[in-house]
Amino acid sequence: VSGANLSGATLFKADLRQADLERADLSGADLRGADLAWAWLAGAHLVRANLWNANLFKAELTGADLTESSLWRARLIEADLTRADLDTAKLKGADLRRAVLAETRLTNADLREADLAEAVLTGANLTGANLTGADLHGANLREAVLREAHLHAADLRRANLRQADASHADLSGAQLYRANLNRVQLSGANLAGADLYRAYVRADLSGADLRGADLRRAVLIDTDMHGVHLTGARVHGISAWDLKGVPADQRQLVITPEGEGEVTVDNLKMAQFVYLILANEEIRDVIDTLTSKVVLILGRFTEERKAVLDALRDELRDHDYSPIVFDFDLPADHDITETVTLLARMARFVIADLTDPSSIPQELQAFVPDVAVPVQPIILQDQDPWSMFPDLKKYPWMLEPYAYGDLTTLLVDLTTRVIEPASAKREELHPAMDGKQPSRPPGLAPNFSPPLPP
Amino acid sequence: MVRGYQVVTRPDFVAGRVTVVADEAHLEIIRQGVEAWNRWRQDNPGAKPDLSGADLTDADLGGADLAGADLTEAALRKAYFGEAGKRDEAALKGGYVSGANISQSELRETLPRRQT
């Protein structure tokens, strides 16, 4: 500092427009409501300065020391803060639209509800900064450090986070619509409930929490998914390529668009596959001949009946099956028969829980006559489900319903009374296809038959 | 130090009900230049400079010791607070902003100053 000494000075509401304060000492100065538009503050010493409500429109603050300064609701629109030091600065509600904060130190800064729309934050250090509810839409955060930063409910739509380090950051409920997450470090980050609709993700997500995140139409390429929590994520239209590692959990991935009956699967790769088949009529024909490990579960799984669903999922996974759940408890705003039929056609067998059945008997009546897939009905209490669909009794792939007294009984009997009869029926109906050529769908590519030994 | 009489230096500078006034004696010293001002500061270490509401537009205050000074609502537009005696140099290297071409539309974008 070699400019004028204004330390501790009171400049309350002073008119400092276009003033030249290069390397001036303004430490601890009272600049509340001061007008510093276009002021030249390069290298100025503003440690613990009070700039509440100050106007710093287009001010030049490169290399300024603003450590612990108070910029509550200050206007810093288009200000240049390149390489400035704002460690622990209070910027709550500050207006930083289009401001330049390249390589700026913002460690532990309070930026709650700050407006950083279209700001340039390339290489900025935001470690531990609080950006809860901040507006960062269209901001350039390339190579920025956001380690352990708080970005809950932050608006990061169309933001560029390329090569940023957001490991262990809290991005829960953040809006990342169309954000660029190319080569972003997100290990251990919390993205629960985040909106990643149409985001581009080529990131290290190892150990990240994406439970309930919206990943619809997101592009995931070359992403490390090791230990990722994905349960309950919405993945309709997701494009996932070359994913590495095994997620910690990936249950109940919702593959249907919003407003349609919820179809959930328990595996991201399955999600893509099933979605592909549902969305493309041309390739549906292959499904008949496809040897699959898919087991379709139909039922009404209200909160209190989720235990039944979980038991079914676990047991099926233990038997190396891939459960797809069609939950009739969720409202569908269009005809679901076609979807159910398609899923039934690609399934190895179907488990239909007829407890509190709603439209399930109708759906069974729609596909059972056409699709030779074993259907194992299960039902709570001792009632006769045949009364619901008397005509279906004649089809050999309709199995004898299994009535269970309570959940404990169901769990004990699940393998012997549900999975084994259905599997056995499948073997009986399609022995050649399933037994002899388990990995190749014969109807799909006959030209690829392996040469027979002479 | 003999305290001079006080005048309302900028009667138009009225913020709310508080009429901002500077110490006329202090004002006279600062108008003599930074050297005189700093010398006075040295001789009167206990004095609290009151330049509130003073009109120091475009003043050269390079290297001035204004620590703890009261400059509430002072008019310091285009004033220079850089290194002592380097104002012209600063202006030449582009550091000084007074020469910057600022359009009227940009001026309008800034906060309205005092409400009357």
Side-chain angles (χ1 to χ4, degrees), chain A residues 1-46 50 52-63 73-80 95 97-98, chain B residues 10 13 15-16 18 20 34 37-38 41 48-84 86-87 89-91 93-102 106-107 109-114:
Chain A
V1 177
S2 56
N5 183 4
L6 287 148
S7 59
T10 305
L11 289 145
F12 178 74
K13 284 191 170 180
D15 180 2
L16 286 151
R17 277 178 290 174
Q18 296 169 267
D20 187 342
L21 289 146
E22 178 156 0
R23 283 184 282 176
D25 186 358
L26 286 150
S27 53
D30 179 2
L31 286 150
R32 284 174 300 158
D35 193 347
L36 287 146
W38 297 280
W40 191 271
L41 287 148
H45 199 60
L46 286 148
N50 192 343
W52 285 13
N53 284 312
N55 181 21
L56 288 143
F57 176 77
K58 284 201 174 184
E60 172 69 43
L61 287 148
T62 48
R73 294 190 66 177
R75 287 161 53 94
L76 288 142
I77 302 163
E78 290 179 45
D80 189 351
D95 192 344
R97 279 174 289 166
R98 300 183 299 280
Chain B
R10 290 285 299 265
F13 276 18
V18 183
V20 179
V34 171
W37 174 265
N38 284 355
R41 290 287 327 246
K48 187 175 168 10
D50 183 1
L51 297 163
S52 52
D55 187 355
L56 293 160
T57 302
D58 218 10
D60 182 356
L61 297 164
D65 181 6
L66 291 156
D70 187 356
L71 287 149
T72 301
E73 295 200 3
L76 296 157
R77 195 164 172 197
K78 295 186 185 180
Y80 176 75
F81 294 93
E83 278 181 72
K86 297 237 172 125
R87 182 183 195 173
E89 223 174 286
K93 72 166 195 264
Y96 187 46
V97 224
S98 67
N101 185 17
I102 295 151
E106 281 196 315
L107 276 165
E109 273 186 69
T110 67
L111 278 175
R113 278 206 27 93
R114 301 174 175 86

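Order of the sequence lines sets the chain letters (A, B, ...), proteins ahead of strands, with each chain counted from 1.
- Atom CZ of residue B:F81 and atom CG of residue A:L16 lie 5.5 Å apart, to the nearest 0.5 angstrom.
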Applying side chain to side chain contact (heavy atoms under 4.5 Å, CB included) to A:D15 and B:L76, what does each step give before you reach the verdict? CA-CA 5 Å; A:D15 180 2; B:L76 296 157; 5.9 Å; no

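- Here NZ of B:K86 is found 10.5 Å from CD of A:E22. Values are rounded to the nearest 0.5 Å.
- Nearest heavy atom pair, residue A:A14 against residue B:L71, reads CB-O, 3.7 Å.
- Interatomic distance, CZ of B:R77 versus CH2 of A:W38, reported as 8.0 Å (0.5 Å rounding).
- Every residue two or more places apart in sequence or in another chain that forms a side-chain contact (heavy atoms from CB on, under 4.5 Å) with B:A67 is listed here: A:N5, A:S7, B:D65.
- Applying the side-chain hydrogen bond (donor to acceptor under 3.5 Å, both in side chains) test to B:D60 and every residue at least two apart in sequence or in another chain returns nothing.
- The only option from B:L51, B:T72, B:D50 that meets the side-chain contact (heavy atoms from CB on, under 4.5 Å) definition with A:T10 turns out to be B:T72.
- A:D25 contributes atom CG, which lies 11.0 Å from atom CG of B:L66 (distance to the nearest 0.5 angstrom).
- Here the CD atom belonging to A:Q18 is positioned 11.0 Å from the OG1 atom belonging to B:T57, to the nearest 0.5 angstrom.
- Distance check: B:L61 CG to A:D20 CG gives 11.0 Å after rounding to the nearest 0.5 Å.
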